[in-house]
**Student:** 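Before I ask anything, here is the structure I am working with.
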Amino acid sequence: MRNHTAITTFILLGLTDDPQLQIILFIFLLINYMLSLVGNLVIIILTFVDAHLKTAMYYFLQNFSFLEISFTSACIPRFLYSIVTGDRTITYNSCISQVFFADLFAIIEFFLLATMSYDRYVAICKPLHYMTIMNPMVCKKLISGCWLITLLLMIPPLGYVLTLEFCDSVMDHYICDANPLLKSSCSDTEFIEKMVLFCCSFILLVTFTFVVWSYGSIIRTILGFPSAQQKKKAFSTCSSHMIVVSITYGSCIFIYIKPSAKDEMATNKVASVFVTSISPMLNPFIYTLRNKQEHEMLNLVGNAEMAASGSR
């Protein structure tokens, strides 16, 4: 029998104790959050009402925008409330719920990014068969697969986390996350740390490998274009997705691929701001700015493919 009181409430230390910095931080995060909501909601609404945006690319982008809204909403509003009220406490149930939903939406995003890279591969490398391969039924199955595999990967570690005991109520973070949560546990966390490391490594390795394969094929196809204009537009269009991939993978690798959850959390908190606030705000603007170029590029690729078929 352990002789300690079970923790039912945690204290999140946040990012800073400086009142002036907290004001600046609140304004910064609030603006980012509002821009993220507006930008992603605009994408969702447009893909619903515009008949020209019914392709697989926009279906995936619609789902990606929904995940971005859900992910940042699982993290930022609670922290903004904490800054305004000064209440840094969070109940055990609320903390576990935040960990679950934040990780759920984040992991699905990784699989969706890999799916979107495959969509780009089909659009550029097989433009004449794009509508056949990426038909609505296939798109729905791919999205369902992203959700299903994420839940299957999350259930084992989450179930183990629910069995842990906590004797330290202070978390050196501004949100409840796996690493600070494990750091607060007085149970032996070696096994769960290895499990989390394995799951994170598996997700990053599988999805990133698929992204690399897709873009390797895309680059080979683009280099075969006869026109320099086609190459420029194609590379320019691909850059939008690659920017989002680089931000997402780079930040999360930095945060999660660690030898132990007991490591220093200060640097990770800064990286988490990019993942939970800045990235969801930037992504809709990155994608929509490339919208016109994507249409032009797909037309050029389709014309080149038809010309090649006609010559054969």
**Student:** Ignoring hydrogens, what is the shortest heavy-atom contact between Leu112 and Phe60? Give both atom names and the distance.
**Tutor:** CD2-O, 3.8 Å
**Student:** Is the CZ atom of Phe274 crowded by more than 12 outside heavy atoms at less than 6.0 Å?
**Tutor:** no
**Student:** So, for Ser277 and Thr72, which heavy atoms are closest and what is the spacing to 0.1 Å?
**Tutor:**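 Result for this residue pair: CA-OG1, 4.5 Å.
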**Student:** Rounded to the nearest 0.5 Å, what separates atom CG in Leu153 from atom CZ in Phe110?
**Tutor:** 12.5 Å
**Student:** Taking the six-membered ring for Trp, are Phe66 and Phe105 parallel (under 30°), tilted (30 to 60°) or perpendicular (over 60°)?
**Tutor:** perpendicular
**Student:** What is the minimum heavy-atom distance between Pro280 and Thr276, and which atoms define it?
**Tutor:** CG-O, 3.7 Å
**Student:** In Å and rounded to the nearest 0.5 Å, what is the CG to SG distance from Leu29 to Cys75?
**Tutor:** 11.0 Å
**Student:** Any chance you could measure Phe48, atom CZ, to Lys54, atom NZ, to the nearest 0.5 Å?
**Tutor:**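 If I round to the nearest 0.5 Å, the distance is 7.0 Å.
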**Student:** Where do Ser279 and Glu68 come nearest, in terms of heavy atoms and distance?
**Tutor:**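 Of all heavy-atom pairs spanning Ser279 and Glu68, the closest is O-OE2, 3.9 Å.
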**Student:** Report yes or no: do Ser217 and Arg220 form a side-chain donor-acceptor pair below 3.5 Å?
**Tutor:** yes
**Student:** Could you tell me the separation between the CD1 atom of Ile83 and the CD1 atom of Ile24, rounded to the nearest 0.5 Å?
**Tutor:** 11.5 Å
**Student:** So which atom in Phe71 and which in Ala106 form the shortest heavy-atom distance, rounded to 0.1 Å?
**Tutor:** CE1-CB, 3.9 Å
**Student:** Could you check whether any side-chain N or O of Thr89 sits under 3.5 Å from a backbone N or O of Phe10, counting only pairs where one atom can act as donor and the other as acceptor?
**Tutor:** no
**Student:** Give the minimum heavy-atom separation between Asn40 and Ser36, together with the two atoms involved.
**Tutor:**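 So the minimum-distance heavy-atom pair works out to ND2-O, 2.8 Å.
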**Student:** About how many Å separate CG of Leu80 and OG1 of Thr85, when rounded to the nearest 0.5 Å?
**Tutor:** 10.5 Å
**Student:** Give the ring-plane orientation class for Phe79 versus Tyr174, where under 30° counts as parallel, over 60° as perpendicular and anything between as tilted.
**Tutor:**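 Judged by the thresholds at 30° and 60°, the geometry between Phe79 and Tyr174 is tilted.
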**Student:** For residues 202-211, dump all side-chain donor-acceptor pairs below 3.5 Å to protein atoms at least two apart in sequence or in another chain.
**Tutor:**
residue	atom	partner	partner atom	Å
Thr207	OG1	Ile203	O	2.6
Thr207	OG1	Leu204	O	3.4
Thr207	OG1	Tyr249	OH	2.8
Thr209	OG1	Leu205	O	2.6

**Student:** Cluster question for you: counting only ILVMFWY and a side-chain heavy-atom cut-off of under 4.5 Å, with indirect links fine, are Tyr81 and Val99 together?
**Tutor:**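 Unlinked, Tyr81 and Val99 end up in two clusters.
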**Student:** Would you indicate whether Tyr92, at its atom OH, is surrounded by more than 12 heavy atoms from other residues, nucleotides or ligands within a distance under 6.0 Å?
**Tutor:** yes
**Student:** Take atom NZ of Lys141 as the centre, draw a 6.0 Å sphere, and report whether it contains more than 12 heavy atoms from other residues, nucleotides or ligands.
**Tutor:** no
**Student:** Using 0.5 Å steps for rounding, measure from the CG atom of Asn63 to the OG1 atom of Thr47.
**Tutor:** 8.5 Å
